[in-house]
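A, B, ... follow the sequence lines: proteins, then strands. Residue 1 opens every chain. From a predicted model like this one, the values you see are computed outputs, not experimental measurements.
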Amino acid sequence: MSRPYDHQAIEAKWQAYWEQDRTFRASEDPARPKFYCLDMFPYPSGSGLHVGHLEGYTATDIVSRFKRMQGFNVLHPMGWDAFGLPAEQYAVKTGVHPAITTAENIATFKRQMKRVGLSYDWERELSTTDPGYYRWTQWIFLKLFERGLAYVAEVPVNWCPALSTVLANEEIVDGKSEVGGFDVVRKPMRQWVLKITAYAERLLDDLALVDWPASTLEMQKNWIGRSIGAEVEFELAGARGSLRIFTTRPDTLFGATYMVLAPEHPLVDAVTAPDRRDEVAAYRDAAARKSDLQRQELEKDKTGVFTGGHAINPVNGEQLPVWIADYVMMSYGTGAIMAVPAHDERDWAFARTYRLPIREVISGGDVSKEAFVETGRGTVVNSTTPDGSFSIDGLAPGDAIPKITAWLESRGKGKKTINYKLRDWLFARQRYWGEPFPILWVEGEAKPLPEEQLPLMLPETKNFKPSGSGESPLANLDVWLATTDPATGKPARRETNTMPQWAGSCWYYLRFIDPKNSRQLVDPVRERYWMPVDLYIGGSEHAVLHLLYARFWHKVLYDIGVVSTPEPFKKLVHQGIVLGEDNQKMSKSRGNVVNPDEMIERFGADAVRLYEMFMGPLEAMKPWSTRGVEGVTRFLDRVWRLTVHDDGSLSRAVVAADPSADQRRLLHQTVKKVTEDLEELRFNTAISQMMVFTNELTKLDRRPRALLEPFVLLLAPFAPHLCEELWEKLGHAPCVSRQPWPAFDPALVVSDRFEIPIQVNGKLRSKIEVPADWTEEQVVTSATEAAGDWLQGKPPRKVIYVAKRLVNFVV
RNA sequence: GCGAGAGUGGCGGAACUGGCAGACGCGCGAGACUUAGGAUCUCGUGGGAAACCGUGGGGGUUCAAGUCCCUCCUCUCGCACCA
């Protein structure tokens, strides 16, 4: 494609201008409203940016430029989530230090971003691997530790004996190590764990405060997984102690016909009868050997073993056989259940397999065919205590639940309980390339490092191979490991785990506000000015973990007074995935990866930006089309020719004359549409309207400045390089990025004439054009005439008139 | 299985609180300018000869349905024995 202008030269020119002008530098200005516009910062991988990254970055860039022109003080920063596994794996293979790889990759990403013309305030750039940054990551950890929110536990990890190392989930394929295909087993290991469960309630409730996609809210809700029910005590028969179970259906307590413990449950030994010990032990061993994955996959056939023991149902004194089965999980609730096969699908399936009794206590279904689990209908039956003193018979399940819960509570047999699916957060990796924990082990006890000693620097090494013991490569560094406790002078050993990649990304949005502060994580005055993030755009793959972890840390920081808002991210949007031209997911193996550098080379950054936004709705998954890029390139070329003559001078068609009324209306309609669409992130329809405008203007041989100049401003956030150049060609000093956003006059948007479609029996038969001030009578009269033959000369049975919309005759 | 979202021309996609379905772009067709055009500009382009038919299928409400209701089908994403 030959272009009417040299996009390469113009882009380089204006990128250099913005750089030396520091056009996009943000500073606090209490006089102006702020807008914090944030991208999820990337992991700087070796393969560079792809067109999928660019979609989200372009969107936030357009919004940032738009908001600046609207008079907002915009904070639009970028940084690097640069700790992580790939650089470390590369180091193990090649010996190249992760810091070197990381720096190279960052340089590539930054070069590519600048080439796209993204208007970041690069003076706030940060990297999670920078000691000046991770000092505060460590500081936050100390605060968590102080508040009892960080603790040590023995947690099973993916241990690969052949490699003598712990593997991340993503390093395991089909239960084997990705490298070498060796077996992986579960092995308990000392780990740091964060007590996110202590915040479960608030993490759930405060979802009401944010403007997020419904699907993401739903995912977070499900992940937290609150369920309300009751814990009930069952005394053991013939043994000391009692079995505590959790149920959401205490209304079905009279229908319990057996009990199930998770195989790992601590009471298994106590309940197991001597003659069942061998069988029980064998089942427990088998369950322990299964990975979580295997336990889940064997979903269909439930297995279990009778322990020989019994527990007593507190409502009727019945002795219930106690089983163990791996369909009950130790990690949820109390690790024990009462089984009500008539009203629980899992219990029903289990009872069928082992011929256990099924007793109906909610009528309304046929429990001989399947479990009846609905709570919305049905009536409680067979649920009266043997002495007749208490009954929930005849109630709806919803009414029976509080009644029986209160009764249990009054007798000390149970209480209302809320349970969460959310588990505490395993916060340790056996890796080198991560934040070291500011923790010393003194006489077997974890002691926090004093704040003044932060950052605890990641020690230098040339050996990135795992220690072999399952500990991180840091365990090889004897000199670093051995230290003394500053408080007591006793010998101490440093913690060898490092933090997971999530750590640095949990709070980076706060550091952008005050990236150079050496005294505080963030200055409170600045924090109050900029927070919360007004718009946060990133992939939906982070819908749960990153966003939940960041919210958790934010709430802790809120509790200790570091931040002023309960939630960090006000509005969240996920950009959709960009597919290859073949409608398949982009991948090297398919050979359908689109290289943004090549696209920018051919069509220019403006065209690529514009196409990214024109493809379709931001959130939608959609295929790339290089033809489509050509299409928007043609549009930009037309915009250029509208203003500039072939020899590069201002076109003689550009005149000072006033636009016509129709032209002015088109302009105001366009300003309105683009403004409103940008507020709603509907970039594709905004561009479409600008195309309509351009098509109209192309037809004119005299093009009034009063039309062209506001239009250049409208297009500027989308195609900033082109518009800076056109603004200059139009005789203005730089730069367009500092111009105010055009306003529209609602009175000038509406037309003085309307085209009214005329329907007969709902079918379109004709159209008339009428002045806007005509009365209904005038319009209908004219419409009747226009409908002519379709009315067959008879008066219509009914006339529907929708003002300025349509006329419909019913005959 | 459960939860959430989505099905509109050859393709990507428009369509406000029910009111002209297919804006805009791609592709395709015709023409203009040209030594030439894979450049540019102009016009046309849902299907059908037409009556008419058309927003995943079927049914309903309404003067009027892509939009509301019922039902079924397909696809995408998430969760997956959570008691």
Counterpart base for B:rG25, defined by Watson-Crick or G-U wobble contacts under 3.5 Å | B:rC11
B:rC81 C1' sits how many Å from A:Phe246 CZ, rounded?
-> 15 Å
From B:rC81, B:rC20, B:rU42, pick the nucleotide closest to the side chain of A:Thr698?
-> B:rU42
Side chains of A:Arg377 and A:Phe372: does their closest heavy-atom pair fall under 4.5 Å?
-> yes
Between A:Arg797 and A:Thr334, the residue closer to the 5' end of RNA chain B by nearest nucleotide is A:Arg797
For A:Thr248 and for A:Pro623, find the nucleotide of RNA chain B with the closest heavy atom, then tell me which residue's nucleotide is more 5'.
-> A:Pro623
Could you check whether A:Met621 gets within reach of a base, just the sugar-phosphate, or nothing at all, counting any heavy atom under 4.0 Å?
-> sugar-phosphate
Which value, in whole Å, describes the distance between the C1' atoms of nucleotides B:rG9 and B:rC2?
-> 36 Å
Check whether more than 12 heavy atoms from other residues, nucleotides or ligands sit under 6.0 Å from atom CD of A:Glu345, and answer yes or no.
-> no
Criterion side chain to side chain donor-acceptor pair (under 3.5 Å) on A:Arg423 and A:Thr197, from CA distance to verdict | CA-CA 6 Å; A:Arg423 305 289 146 77; A:Thr197 51; over 6 Å; no
Rounded to whole Å, the CH2-P distance (A:Trp223 to B:rA4) equals 19 Å
A:Lys622 atom NZ is separated from B:rA14 atom C1', nearest whole Å, by 15 Å
B:rG9, syn or anti by chi within 90 degrees of zero | syn
Whole Å only: how far is the CZ atom of A:Phe683 from the P atom of B:rA14?
-> 14 Å
Stacked cation flag A:Arg3 on A:Tyr5, 6.0 angstrom / 45 deg | yes
Rounded distance (Å) that lies between atom P of B:rG25 and atom CD of A:Glu581 | 19 Å
With both distances under 3.5 angstrom, what nucleotide forms a Watson-Crick or G-U wobble pair with B:rG1?
-> B:rC79
Could you please name the option among B:rA83, B:rC20, B:rC41 that lies closest to any side-chain atom of A:Leu764?
-> B:rC20
Among B:rC26, B:rA83, B:rC81, find the nucleotide with the atom closest to the side chain of A:Tyr332.
-> B:rA83
Pairwise P distance for B:rG29 and B:rG78, with rounding to whole Å | 41 Å
Does the side chain of A:Thr58 come under 3.5 Å of the side chain of A:Tyr611 through a donor N or O and an acceptor N or O?
-> no
Considering only atom C1', compute the distance from B:rC43 to B:rG5 and round it to an integer number of Å.
-> 41 Å
NA contact type, A:Ser227, heavy-atom cut-off 4.0 Å: base, sugar-phosphate, or nothing?
-> sugar-phosphate
B:rC72 versus B:rC53 - spacing of their P atoms, nearest Å = 29 Å
What integer number of Å spans the C1' atoms of B:rC20 and B:rA15?
-> 11 Å
Counting any heavy atom closer than 4.0 Å, what does A:Thr685 reach on the DNA or RNA strands: base, sugar-phosphate only, or nothing?
-> sugar-phosphate
Using a heavy-atom cut-off of under 4.0 Å over every strand shown, decide if A:Pro617 touches base, sugar-phosphate, or nothing.
-> sugar-phosphate
Watson-Crick or G-U wobble partner of B:rA51, both distances under 3.5 Å | none
Non-hydrogen side-chain atoms of A:Trp223 and A:Lys421 separated by less than 4.5 Å | no
So, is A:Arg634 close to the B:rG27 phosphate, meaning a side-chain N or O under 4.0 Å from OP1 or OP2?
-> yes
Please measure how far the P atom in B:rG56 lies from the corresponding atom in B:rU8, and state the result in whole Å.
-> 6 Å
Look at the side chain of A:Lys767 and the base of B:rC20, then say whether one donor and one acceptor between them are separated by less than 3.5 Å.
-> yes
B:rC81, B:rG25, B:rG3: which one has an atom nearest the side-chain heavy atoms of A:Met329?
-> B:rC81
Taking atom P in both B:rU76 and B:rG12, what distance in whole Å separates the two?
-> 15 Å
So what does A:Asn684 hit on the nucleic acid, given a heavy-atom distance under 4.0 Å: a base, only sugar-phosphate, or nothing?
-> sugar-phosphate
Is there a residue in residues 802-811 of chain A whose heavy atoms reach under 4.0 Å of RNA chain B, and which residues are they?
-> A:Val802, A:Arg805, A:Leu806, A:Asn808, A:Val810
Reckon A:Glu345 touches a base, only the sugar-phosphate, or nothing at all at heavy-atom distances under 4.0 Å?
-> nothing
Footprint string (nucleotides 45-52 of chain B, 5' to 3'): B base within contact, S backbone only, - free, heavy atoms under 4.0 Å | -------S
Which part of the nucleic acid, if any, lies within contact of A:Arg638, taking any heavy atom under 4.0 Å across all strands shown: a base, the sugar-phosphate backbone alone, or nothing?
-> sugar-phosphate
Between B:rG22 and B:rA65 - P atom distance, rounded Å = 16 Å
May I ask you to say what A:Asn419 touches in the nucleic acid, namely base, sugar-phosphate or nothing, with a heavy-atom cut-off under 4.0 Å?
-> nothing
Centroid-centroid distance, A:Phe754 to A:Trp774, less than 6.0 Å | no
Once you round it to whole Å, what is the distance between P of B:rC26 and CE of A:Met615?
-> 16 Å
Close aromatic pair by centroid cut-off 6.0 Å: A:Phe693 and A:Phe711 | yes
Would you call A:Leu547 and A:Met40 a side-chain contact if the rule is heavy atoms closer than 4.5 Å?
-> yes
Can the positive tip of A:Lys302 be found less than 6.0 Å from the middle of the six-membered ring of A:Phe350, inside 45° of the ring normal?
-> no
Rounded to the nearest 0.5 Å, what separation is found between the CG atom of A:Asp344 and the CE atom of A:Met338?
-> 9.0 Å
Could you tell me whether the side chain of A:Ser688 has a donor or acceptor atom within less than 3.5 Å of a complementary atom in the base of B:rA14?
-> no
Qualifying residue for side chain to side chain donor-acceptor pair (under 3.5 Å) with A:Arg249, from A:Thr247, A:Asp251, A:Thr252 | A:Asp251
Whole-Å distance separating the CZ atom of A:Arg352 from the P atom of B:rC81 = 23 Å
Taken to the nearest 0.5 Å, the spacing of A:Ile324 CD1 from A:Thr303 OG1 works out to 9.0 Å
Mind checking A:Gln689 for me? I need base, sugar-phosphate or nothing, with any heavy atom below 4.0 Å counting as a touch.
-> nothing
Return the nucleotide paired to B:rC63: Watson-Crick means purine N1 to pyrimidine N3 with N6-O4 or O6-N4, wobble means G-U with N1-O2 and O6-N3, both under 3.5 Å.
-> B:rG19
If we call it a pair only when both distances are under 3.5 Å in a Watson-Crick or G-U wobble match, what pairs with B:rA32?
-> B:rU40
At under 4.0 Å between heavy atoms, what does A:Lys421 touch on the DNA or RNA strands: base, sugar-phosphate, or nothing?
-> base
Measure the distance from CZ on A:Phe693 to P on B:rC24 and round it to the nearest whole Å.
-> 15 Å
